[in-house]
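Residue numbering restarts at 1 for every chain, and letters A, B, ... go by the order of the sequence lines.
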2 protein chains.
Amino acid sequence: MANVSIRDVARHAGVSVGTVSNVLNRPDAVSAESASRVQAAIEALGYVRNEAARTLRAGVSATVGFVVLDGQNPFFYDVVRGAEDEASRHGIAILYGATDGDVQRERTYLDLFEEQQVRGLLVAPYGDVNRRLEQLRERGIRSVLVDRFSGENAFSSVSVDNVAGGRMAVEHLVATGRRRVAFVGGPFEMRQTTDRLAGARVAVESADVPVEIEVVATSAMSVAEGVAAGERILRRPPGDRPDALFAVNDLVALGLLQSLVSDRRVMVPEEIAIIGFDDISFAAAAAVPLSSMRQPSRTIGTTALRVLLEEAADPDLVPRQTVFQPELVVRRSTAVDA
Amino acid sequence: MANVSIRDVARHAGVSVGTVSNVLNRPDAVSAESASRVQAAIEALGYVRNEAARTLRAGVSATVGFVVLDGQNPFFYDVVRGAEDEASRHGIAILYGATDGDVQRERTYLDLFEEQQVRGLLVAPYGDVNRRLEQLRERGIRSVLVDRFSGENAFSSVSVDNVAGGRMAVEHLVATGRRRVAFVGGPFEMRQTTDRLAGARVAVESADVPVEIEVVATSAMSVAEGVAAGERILRRPPGDRPDALFAVNDLVALGLLQSLVSDRRVMVPEEIAIIGFDDISFAAAAAVPLSSMRQPSRTIGTTALRVLLEEAADPDLVPRQTVFQPELVVRRSTAVDA
DNA sequence: AACACCGCTTGAAACGTTTCATGTCGTTCA
DNA sequence: TGAACGACATGAAACGTTTCAAGCGGTGTT
């Protein structure tokens, strides 16, 4: 229960509090003699820095808030993990909040984090939080959007080129002989959905051969929705089914896969090929290992945090959009000869 | 950039700072008249409480640290989510740190969280952190162990009865006709592993029929290790293989499943049944839906947080161990007639 | 010899909150 | 009428840190 302050350390070392603070924060402004005495005192007393006082004085804390839309998607765990890596390199802790699409919850977290004087926010948004984020910026709290391109250049963002990803996915399907593609995903309010579909359409239109594309809409990006979509497709007569499915993300793709292969109703990839998006670790672990468009998830996290810290340090920096290219990972679910 | 303080609010409302503070913290000690004037001023100025100052004054912050061992396991996301639910009910934010088995990292987070004056710690530990946690308790920071029973009654803990879970899993396998069971898991330094195996042994010994049990050790609880273990089993001649696998958790089980069913080498469950532990959402979504021992993961999270807050509020409370019972969830991977 | 400068130390002020002893009314009761 | 009390309001003190103007020797320059 011993709460040791900088003052106690100073007394024990026979120096002033200013000197102790300098040892901690600007070691070169202090003599070696003082430094070692202070260090010894710190050891002896078990001094631990009080971040609250430091924050109060500085007006900003050593924390960053991370508001995650979809706490069920392993993709975001990797992003968070990447952010953590970079954060701990700077002695910064992460305040974590999963909203699972609950707009009220999203607001609650933003309020909470503002009170905590966070240095900035990483936001993988669901609802339209732009207004609130703008308000926060006026009050000195910067935000970086994660996994969502910020069109209006209002905020920095770190994301992947979803249009290119959609194009590459469908190009791959076409190159492996598929001619009837279905895009499975939703909701269409989400930019990820529309961008990936737009890319798919580009691939279809620029193909050398005639390719059909249809849309099978889901109301969420979840395994359950994938299963439901799969059942709907299976209800159609075999001749009327697509020969390839491009899912908006891996959760949906895994759901599709499960419904197609269960009871051996459809051979994957022989009859229907499936490709997903994100390349979460479970994609490789599926019964039929899943082809996917890999996002550099961890890098997205580290980059987002780095951008955020840079902007927090220099408020004059203009927002910048960082866009990574996705990478095609081919596995059994789209194997050409299987 | 307007940083509005309680003082500004007081001036604007024509009252003292003490009154403003009272409006915020003990509304009944203040006249309706003052209260409404203060509320109006808060609205007008856009006042946001400064948690740092509050923390400095109180000596403890409105945050709780959550140190998670295995950031790859979806099980923990649910636990975290449960903790979040309870936390936001109390206006508390969660500082999140995934260590992925890195002991150094575990230490770093504990240091960071101590500096943040967290109200307490939820710890799903890997290394032997007991000493450090004891030190923290002496300094007034309580910890609650999550997913790990604290034998020595040194700390409170919230976990599941792993022995019972192991027993129930193997009883189920025996009841569905299996006679050669392999326990697949590790490392054996982890209590989860040894407890679940111990339960499995109990089931074997108390069975009415002769049942064999063997151990296939893995070096981690990951999908990759599950795949590797599966390959090892497949290398044995068919007559020398177990007819049922009890995996230490679902990640390992999914790995086993993948290696067994890929290329149609083994029929699951006809030739070999598989059961996992945790019942993560991907268990149901596997190609052969996976039977599993369900943990009440979200409840574990909310309970752990509640226990932690109670202990933080009353330092005299003695540690208590909360143990939930796991629940058998039967799916195709152990179906009796398939 | 006078001066400027450098390296280092010092201690007070300030950050925004909560708490608490003190004060000021107005009401009730004897 | 005076005393006692209750309901609020007040403002200073304290929490632990960082910063910064000021000070102090000692060294180098002119």
**Item:** Between A:Asp147 and A:Gln192, a side-chain donor and acceptor under 3.5 Å
**Value:** yes
**Item:** Side-chain donor-acceptor contact under 3.5 Å, B:Thr299 with B:Thr302
**Value:** no
[X] [atom1] to [N] [atom2], straight-line distance once rounded to whole Å:
X	N	atom1	atom2	answer
A:Arg7	D:dT17	CZ	C1'	9 Å
A:Arg57	C:dT17	CZ	P	16 Å
B:Leu56	C:dT19	CG	P	13 Å
B:Asn22	C:dT18	CG	C1'	9 Å
A:Ile42	D:dT17	CD1	C1'	13 Å
A:Arg11	C:dG11	CZ	P	13 Å
A:Asp28	C:dG7	CG	P	11 Å
A:Arg26	C:dT9	CZ	P	13 Å

**Complete:** Result for 5'-nearest mapping on DNA chain D, choosing between A:Ser21 and B:Ala29, is B:Ala29
Remember a base hit wins even if backbone is also touched, and classify [X] as base, sugar-phosphate or nothing at under 4.0 Å, heavy atoms.
X	result
A:Ser5	sugar-phosphate
A:Arg54	sugar-phosphate
B:Ser31	sugar-phosphate
B:Thr55	nothing

Please determine whether a side-chain nitrogen or oxygen atom of [X] lies at a distance below 4.0 Å from atom OP1 or OP2 of [N].
X	N	answer
B:Ser34	D:dA9	yes
B:Asn50	C:dT17	no
B:Thr19	D:dT10	yes

Is any side-chain N of the basic residue among [X] and [Y] closer than 4.0 Å to the acidic one's carboxylate O?
X	Y	answer
A:Glu51	A:Arg54	yes
A:Asp111	B:Arg49	no
B:Glu310	B:Arg142	no

**Request:** Among D:dT18, C:dT10, C:dT18, find the nucleotide with the atom closest to the side chain of A:Ile6.
**Result:** D:dT18
**Prompt:** Which residue, A:Ala53 or A:Val30, contacts DNA chain C at a nucleotide closer to its 5' end, judged by nearest heavy atom?
**Reply:** A:Val30
